[in-house]
2 protein chains.
Amino acid sequence: MRLRFWVDPRRLALPVTEAARDDPDPRDHRAAPGATRDRLIRVAGALFAERGFARASVRDICARAAANVAAVRYHFGSKEALYREVLLGSHRELRDREPIPRLADFRRPTDALRAWLGFVLRFLLLRRPAHSYAGQLIARELEQPTAALTDLVRLVMQPVRTELEHILGALLGDADSPARRAQLANFALGLCVFHEFGRPVLERFGHPPPTDEPGVDALADALASFIAAGTRALRHR
Amino acid sequence: MRLRFWVDPRRLALPVTEAARDDPDPRDHRAAPGATRDRLIRVAGALFAERGFARASVRDICARAAANVAAVRYHFGSKEALYREVLLGSHRELRDREPIPRLADFRRPTDALRAWLGFVLRFLLLRRPAHSYAGQLIARELEQPTAALTDLVRLVMQPVRTELEHILGALLGDADSPARRAQLANFALGLCVFHEFGRPVLERFGHPPPTDEPGVDALADALASFIAAGTRALRHR
DNA sequence: CGACTTGTCAAACATGCGTTTGAGATTCTG
DNA sequence: CAGAATCTCAAACGCATGTTTGACAAGTCG
């Protein structure tokens with residue numbers, strides 16, 4: 001079978017209308033339907049999160065998933081397609097699990113800020129069984145941008161940042177201006193993200209970021225006070 | 001010549017006491033002494049800063065330096081040794097160019113904080129001809145830690161962080177405690193570093209970090225107010 | 001001069017990578 | 001049952017990488 005453009009072989013025989021849908025998959029009438037495919041996505045998520053795209057090799061992924069190397073091509077078409085599948089899956093999981101805190105849902109902007117920080121930090125830092133890899137995947141994406149980064153920013157990060165800017169706008173009050181708000185959003189984002197992807201350095205300094213619920217909450221509390229005060233300070237300049 | 005442990009062939013003939021010194025190199029009596037070696041370090045610095053260690057290939061470096069691939073082994077022993085040479089060279093250059101601002105040199109802790117931020121941000125962000133790659137190299141090292149990271153933290157980053165902790169201690173006054181100070185140091189470091197290594201994302205958001213002197217100064221001003229106010233806020237908790 | 005050091009070079013080596021092949025099981029379907 | 005679809009597998013392909021080789025020119029020095 002020589003292919004110019006790769007087509008999922010499992011879908012070749014399906015009617016177009018059926019194949020066009022992408023959520024329910026009607027080909028599950030095997031003994032362990034989609035078992036290898038699922039295992040690959042799970043293992044690849046962990047390995048991509050741990051090492052980044054480039055350094056997680058197809059052979060490693062397949063070995064840990066007890067699958068043949070050719071399974072990646074068969075089920076996804078390529079390593080990069082598998083990566084996108086993992087990213088989108090994490091994104092979906094994230095979206096369905098917890099909504100982004102919105103300014104309008106809180107009495108005071110500082111409360112909204114605290115909620116926003118808790119949301120983002122849990123997402124980035126928390127490690128627990130069956131927890132999504134999305135946060136670490138995104139942190140990896142910052143380091144070694146792949147072609148998927150642009151989509152990732154647009155789909156996942158932009159909505160979160162937009163909500164942050166609303167909150168900061170409320171905190172700035174009269175002094176609100178696009179440039180100032182963007183600068184402060186950079187600050188807040190940096191403070192959150194650095195705790196995940198600066199982890200190797202912070203660990204060597206002897207001050208590793210928290211990975212459990214109470215630790216993350218405490219960090220969010222401190223950051224909320226810190227950012228609120230800093231924002232107020234920049235209001236009067 | 002089969003070697004268990006590689007030894008710089010140029011130093012094999014030198015007396016030990018001479019070879020032990022590492023700054024002046026007394027073997028420069030060729031037509032263009034050390035020319036290839038110097039070119040390699042220069043080109044490698046630029047390429048490592050641009051792409052990181054893994055993605056800057058020996059072949060690329062040598063091609064740009066108009067040198068043979070074997071030159072890396074001959075002059076440095078391995079790619080990693082060349083990398084360490086580049087890192088240490090940048091470190092030396094940094095150290096000699098500008099001293100770390102010290103708390104004791106300023107009347108008010110906030111002035112010291114402002115100076116510290118200016119120092120670090122210039123180091124990380126500024127792009128100008130003949131500017132050191134050290135900042136970008138360090139940012140790269142955060143992303144894909146190599147074996148050199150531990151040394152880098154100890155030699156280069158630790159002294160900078162220590163001075164920051166002194167400044168923060170002064171700002172905290174009575175409320176100073178090791179944990180609080182370390183947390184705030186993480187905040188300040190994150191705010192600085194994120195502007196360099198979060199660059200790909202910030203650019204996609206439409207708010208790229210500054211790269212010129214006035215922009216960096218403005219950022220340092222804003223960050224100084226921001227951090228000072230945030231620190232004061234965390235004093236009363 | 002003649003031995004030795006220094007530096008450069010083209011070519012090959014060894015390894016790891018993503019991908020592809022073609023054959024062979026297993027299961028579904030008419 | 002016969003044939004098609006689904007899935008797995010060992011092996012190889014083609015490529016890029018860091019490293020190593022052995023030869024060779026040019027300079028140094030006794």
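Order of the sequence lines fixes the chain letters, A, B, ..., with proteins taken first and strands second; residue numbering starts at 1 for each chain. Here the structure is a predicted model, which means the values were calculated and not measured.
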Does P208(A) offer a backbone N or O that forms a donor-acceptor pair with the side chain of R199(A) under 3.5 Å?
-> no

Heavy atoms only: give me the nearest R37(B)-E85(B) pair and the separation to one decimal.
-> NH2-OE2, 2.7 Å

With R161(A), which of Q158(A), E165(A), E163(A) fulfils side chain to side chain donor-acceptor pair (under 3.5 Å)?
->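 Exactly one pass, corresponding to E165(A).
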
Tell me the interatomic distance from [X], atom [atom1], to [N], atom [atom2], rounded to whole angstroms.
X: L40(A); N: dT19(C); atom1: CG; atom2: C1'; answer: 15 Å
X: I61(A); N: dT19(C); atom1: CD1; atom2: C1'; answer: 14 Å
X: R73(A); N: dT8(D); atom1: CZ; atom2: C1'; answer: 14 Å

Aromatic centroids of F48(B) and Y133(B) separated by under 6.0 Å = no

E196(A) with R127(A): basic N within carboxylate O range, under 4.0 Å = yes

Can you give me the N/O atom pairs linking the protein to nucleotides 8-17 of chain C at distances under 3.5 Å, or say none if there are none?
unit_1, atom_1, unit_2, atom_2, d
dT8(C), OP1, T36(B), OG1, 2.0
dT8(C), OP2, H75(B), NE2, 2.8
dA10(C), N7, N68(B), ND2, 3.0

